[in-house]
Amino acid sequence: MDDSQLITAAPNDDNAFRQLVAKYYNDMLVVARAIIGDSIADDVVQEAWLSIYKSLDKFEGRSSFKTWAITITANEAKRRLRKESQTTSLEGLIQGMEPSMLERYDDTGRWSKPPTLWHEDSPDSLLSNQELMDCIQHTMGNLNEQQRTALSLKDLEGLSLDEICNIIGVSASNVRVLIHRARQRLFQHIDHFQETGQC
Amino acid sequence: MLKCKEVSELSSDYVDRRLPWRQRAGIVWHIFLCVHCRRYIRYFRLTIFVSKKAATPPPDHVVDSVMDRIAKDTSDNPPD
Ligand SMILES: [Zn+2]
């Protein structure tokens, strides 16, 4: 069955609903983790599924089911974040480049510290280096909340900039910058790892 | 000609194909001539690729916990 058939069947058919959960749970978990952290992300996603279960008849198919589910998850995560009053301001001061990246250029805009020649410079060789993959996960975990959310939605979930704007509630140009700085930060860490063997 | 720093600033828009053709052509020309930026753009693409793969693996038995949650809610709030 495709999504629209599953959604139609789900209110009266547990098996159809289970298929939807299995298909989209991880996408939602990525978003919940990005907004609120690991510890209660699963809880947020379960709560989101409960909302989805109750409002399946309101799904109109204007966006994809995935986008709808992710939006509900993001709203639930943000509601919890407010409740736990750890909320950070969502429209911060944003510059176009990762600060540590800026330091690699001189006053004339040329490289003063160009990229190292990477030992591993094919996708496969990078992926097979477990220490490096750990380093990347670690770096992602240390991105600030906005950067991590924007990066996850774009590069992991493949959403468009417009969809991301709606979910995290910042302007398109700020989403663009959040993603760019997160990627540059990751680049910096991989480059450093290739040079020194350390994260 | 674009500066190396400007190539860096535009690199996400470039790899995501979001640039107007004139700026895109400017970057293509720059990385044709500049070995450092050529390397940077290649590594930047690799960075995006491997970061996608470093995403956390899926947890097991999640579906059951969702169904339990819904069952519990339904028994706490039975329909009229
Ligand atoms: Zn250059």
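Chain naming here is simple, since letters A, B, ... match the order of the sequence lines and numbering starts at 1 in each. The analysis underlying the following values was restricted to heavy atoms, covering all of them including side chains, and did not include hydrogens, waters or symmetry mates.
Nearest heavy atoms, A/P114 versus B/H36: CB-ND1, 3.3 Å. Nearest heavy-atom pair, A/T108 versus B/K3, reported as atom, atom and distance to 0.1 Å: O-CD, 3.4 Å. In terms of heavy atoms, B/E9 sits closest to A/G96 at CG-O, 4.4 Å. In terms of heavy-atom proximity, B/K5 sits nearest to A/M97 at CG-CE, 3.8 Å.
Neither the backbone nor the side chain of A/S112 comes within less than 4.5 Å of any heavy atom in chain B. Neither the backbone nor the side chain of A/T139 comes within contact range of chain B; no heavy atom of the residue lies under 4.5 Å from a heavy atom of that chain. Heavy-atom distances place both the backbone and the side chain of A/F187 under 4.5 Å from chain B. Contact of B/F49 with chain A is made through the side chain alone, with heavy-atom distances under 4.5 Å.
No other option in A/D14, A/L117, A/L132, A/L151 has as many heavy-atom pairs under 4.5 Å with chain B as A/L117. The greatest number of non-hydrogen atom pairs below 4.5 Å with chain B, out of A/R18, A/M133, A/R110, is found for A/R18. For the set A/K154, A/Q184, A/R104, the count of heavy-atom pairs under 4.5 angstrom toward chain B peaks at A/Q184. Taking B/L2, B/V66, B/L10 one by one and counting their heavy-atom pairs under 4.5 Å with chain A, the maximum is reached by B/V66.
At distances below 3.5 Å, at least one donor-acceptor pair connects side-chain atoms of B/Y43 with backbone N or O atoms of A/W118.
Taking a cutoff of 4.0 Å between a charged side-chain nitrogen and a carboxylate oxygen, A/D121 and B/R42 qualify as a salt bridge. A/D43 has a carboxylate O that lies under 4.0 Å from a charged side-chain N of B/R69, or vice versa, which qualifies the two as a salt bridge.
The side-chain heavy atoms of A/P123 and B/V50, taken from C-beta on, include no pair separated by under 4.5 Å. Looking at A/Y53 and B/D73, their side chains never come closer than 4.5 Å, going by heavy atoms from C-beta outward. The closest side-chain heavy-atom distance from A/R183 to B/S51 is not below 4.5 Å.
Under a cut-off of 6.0 angstrom, the local environment of CD in A/Q5 is crowded, with over 12 non-hydrogen atoms contributed by other residues, nucleotides or ligands. Sparse packing is recorded around NZ of B/K72, with 12 or fewer heavy atoms of other residues, nucleotides or ligands lying under 6.0 Å away. Under a cut-off of 6.0 angstrom, the local environment of CG in A/D107 is sparse, with at most 12 non-hydrogen atoms contributed by other residues, nucleotides or ligands.
To the nearest 0.5 Å, the span separating OH on A/Y25 from OG on B/S65 amounts to 5.0 Å. Taking CG of A/L186 as the start and CD1 of B/I48 as the end, the distance is 9.5 Å to the nearest 0.5 Å. In this structure, the separation between CG on A/L156 and NZ on B/K53 is 10.5 Å, given to the nearest 0.5 Å. A/M101 contributes atom CE, which lies 8.0 Å from atom CZ of B/F44 (distance to the nearest 0.5 angstrom). Atom CZ in A/R185 sits 14.0 Å away from atom OG1 in B/T47 (nearest 0.5 Å). Summarising the geometry, atom CG belonging to A/L127 is positioned 12.0 Å from atom NZ belonging to B/K52; distances are rounded to the nearest 0.5 Å.
Follow the hydrophobic side-chain contacts under 4.5 Å out from A/Y105 and you never reach B/V35; the two are in separate clusters.
Of residues 12-31 of chain B, those residues with a non-hydrogen atom less than 4.5 Å from any non-hydrogen atom of chain A are, in numerical order, B/S12, B/D13, B/V15, B/D16, B/R18.
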